[in-house]
Structure formats: C-alpha cells, structure tokens
Amino acid sequence: MKLIIAIIQPSKLEDVKAALAEVEVVRLTILDVQGFGRQKGQTEQYRGTDISVNLLRKVQLQIAVNEEFVEPTVSAIIKGGRTGETGEIGDGKVFVLPMDDCIRIRTGERGPEAI
C-alpha cells in the first residue's frame, strides 16, 4: 500500500480528477494549501505599493492506493496536472510514500481491503 501526495495548480484540479477517474481511482482527499518553490511567490500591488507574496495557493491531493494502482495513479496526476506538452515551473510535485496500515472505521477492515 502507498500514500500518494500530489501538489498541483488549483486550475488543474478538474483535469486531474478526470484523469484519475479514467484509471478508476475515485477516492481522494483534497486540501487547499500554500507554498512556494522555484516560483518564489509573486509581486502584487496593494494601495499603490508593491508587495511580495511569498506563498502561492496550491491544491494537495492525498490518495491511498494498493500497489497495482501506484503507476496508473501517478501517470494520471502527471497527465492532468501538466501545463502544455512539456509542463512549466509550478505544475507541482508527486510524492509516493509507504503506508504501513489502513483501517476502515465503519467495518474494522485492515490493509488493502480497507482502501
């Protein structure tokens, strides 16, 4: 079992959800997050003064999958989250983490069956 965490542009959320649905991944958690990487924020004007905004709005997806769904899930996220053919700085990142256990609260099922 793996936990896939993806940080993507908010404007790409619907594209990523559609790409995930194509590979039959329909369970995910979505969080609004802020951060910066190579983009290093942006400059905005407030009352005529330039202000540096260090944190950019992003969307974080958390998806628990069994081993056979790892590659299709990652590929779908990349397909839906990439800007243009080759992508752009700020398109996001995907992290794949090991997951020791999963428990479905309602039934008490554990492991891959609980996902």
Side-chain angles (χ1 to χ4, degrees):
M1 297 180 302
K2 301 287 185 185
L3 178 62
I4 298 172
I5 298 175
I7 311 290
I8 62 169
Q9 293 283 351
S11 62
K12 291 295 190 173
L13 178 59
E14 292 305 316
D15 294 339
V16 171
K17 284 172 40 181
L20 288 169
E22 287 178 17
V23 295
E24 299 178 3
V25 175
V26 293
R27 295 178 178 103
L28 67 147
T29 301
I30 300 169
L31 297 94
D32 285 319
V33 296
Q34 295 181 34
F36 71 92
R38 284 189 181 172
Q39 291 173 293
K40 299 199 177 27
Q42 56 194 3
T43 303
E44 293 183 358
Q45 278 203 340
Y46 178 73
R47 295 186 179 181
T49 304
D50 286 339
I51 298 173
S52 177
V53 178
N54 293 332
L55 300 175
L56 299 174
R57 184 171 174 265
K58 302 284 183 171
V59 174
Q60 179 177 318
L61 308 176
Q62 296 179 351
I63 308 166
V65 297
N66 292 316
E67 294 292 334
E68 62 270 14
F69 280 94
V70 172
E71 284 308 314
T73 302
V74 170
S75 296
I77 293 168
I78 292 170
K79 175 184 169 188
R82 183 176 281 161
T83 303
E85 289 294 315
T86 58
E88 295 179 7
I89 290 175
D91 279 349
K93 294 252 192 304
V94 178
F95 305 97
V96 180
L97 308 168
M99 191 168 62
D100 293 333
D101 203 0
C102 177
I103 300 117
R104 180 172 287 141
I105 294 173
R106 179 177 53 89
T107 62
E109 291 173 288
R110 294 185 83 109
E113 294 79 30
I115 292 178

Query raised in the report: Considering only heavy atoms from C-beta outward, does the side chain of Thr83 approach that of Lys12 to under 4.5 Å?
Result: yes
Requested in this report: Check Thr73 against Phe69 and note the closest heavy-atom contact, atom names and distance.
Outcome: OG1-O, 2.6 Å
Query raised in the report: Is any side-chain heavy atom of Ile8 closer than 4.5 Å to a side-chain heavy atom of Leu61?
Result: yes
Query raised in the report: Any chance CD of Glu24 has more than 12 other-residue heavy atoms, nucleotides or ligands included, within less than 6.0 Å?
Result: no
Requested in this report: Please examine the side chains of Ile5 and Val96, heavy atoms only from C-beta on, and report whether any two atoms are closer than 4.5 Å.
Outcome: no
Query raised in the report: Taking Lys58 for the side chain and Gly90 for the main chain, is one N or O donor matched with an acceptor at less than 3.5 Å?
Result: yes
Report task. May I ask whether Ile78 and Leu20 are part of the same hydrophobic cluster, defined by side-chain heavy atoms of I, L, V, M, F, W, Y residues being less than 4.5 angstrom apart, directly or through others? Result -> yes
**Report entry** Any donor-acceptor N/O pair, Asp15 side chain to Gly81 backbone, under 3.5 Å
**Finding:** no
Query raised in the report: Closest heavy-atom contact between Pro72 and Val23?
Result: O-CG2, 3.9 Å
Report task. Following the transitive rule for hydrophobic clusters with a side-chain heavy-atom cut-off under 4.5 Å over Ile, Leu, Val, Met, Phe, Trp and Tyr, establish whether Val94 and Leu28 coincide in one cluster. Result -> yes
**Report entry** Donor-acceptor under 3.5 Å (Gln34 side chain, Leu56 main chain)
**Finding:** no
Query raised in the report: Do you know which of Lys17, Gln62, Gln60 makes side chain to side chain contact (heavy atoms under 4.5 Å, CB included) with Ile30?
Result: Lys17
Report summary line: Between Met1 and Asp101, the two heavy atoms sitting closest are CE-CA, 3.6 Å
Report task. Walk me through it: do Ile4 and Val74 pass the test side-chain contact (heavy atoms from CB on, under 4.5 Å)? Result -> CA-CA 8 Å; Ile4 298 172; Val74 170; 4.1 Å; yes
**Report entry** Gap separating the CD atom of Glu68 from the NZ atom of Lys2, nearest 0.5 angstrom
**Finding:** 12.5 Å
Report task. Side-chain contact test, heavy atoms from C-beta onward, threshold under 4.5 Å: evaluate it for Glu22 versus Lys79 and give yes or no. Result -> yes
Report task. Taking all heavy atoms of Val65 and all of Val70, pick out the closest pair and write down the distance. Result -> CG2-CG2, 3.8 Å
Requested in this report: Could you pull out all residues at least two apart from Ala114 that satisfy side-chain contact (heavy atoms from CB on, under 4.5 Å)?
Outcome: Cys102, Arg104, Glu109
Report summary line: Nearest heavy-atom contact between Pro10 and Val59 is CA-CG2, 3.6 Å
**Report entry** Side chains of Ile63 and Val25 in contact at under 4.5 Å (non-hydrogen atoms)
**Finding:** yes
Query raised in the report: What pair of heavy atoms forms the shortest contact from Ala19 to Ala76, and how long is it?
Result: CB-O, 3.3 Å
Query raised in the report: CD1/Ile115 to CD1/Ile103 distance, rounded to the nearest 0.5 angstrom?
Result: 11.0 Å
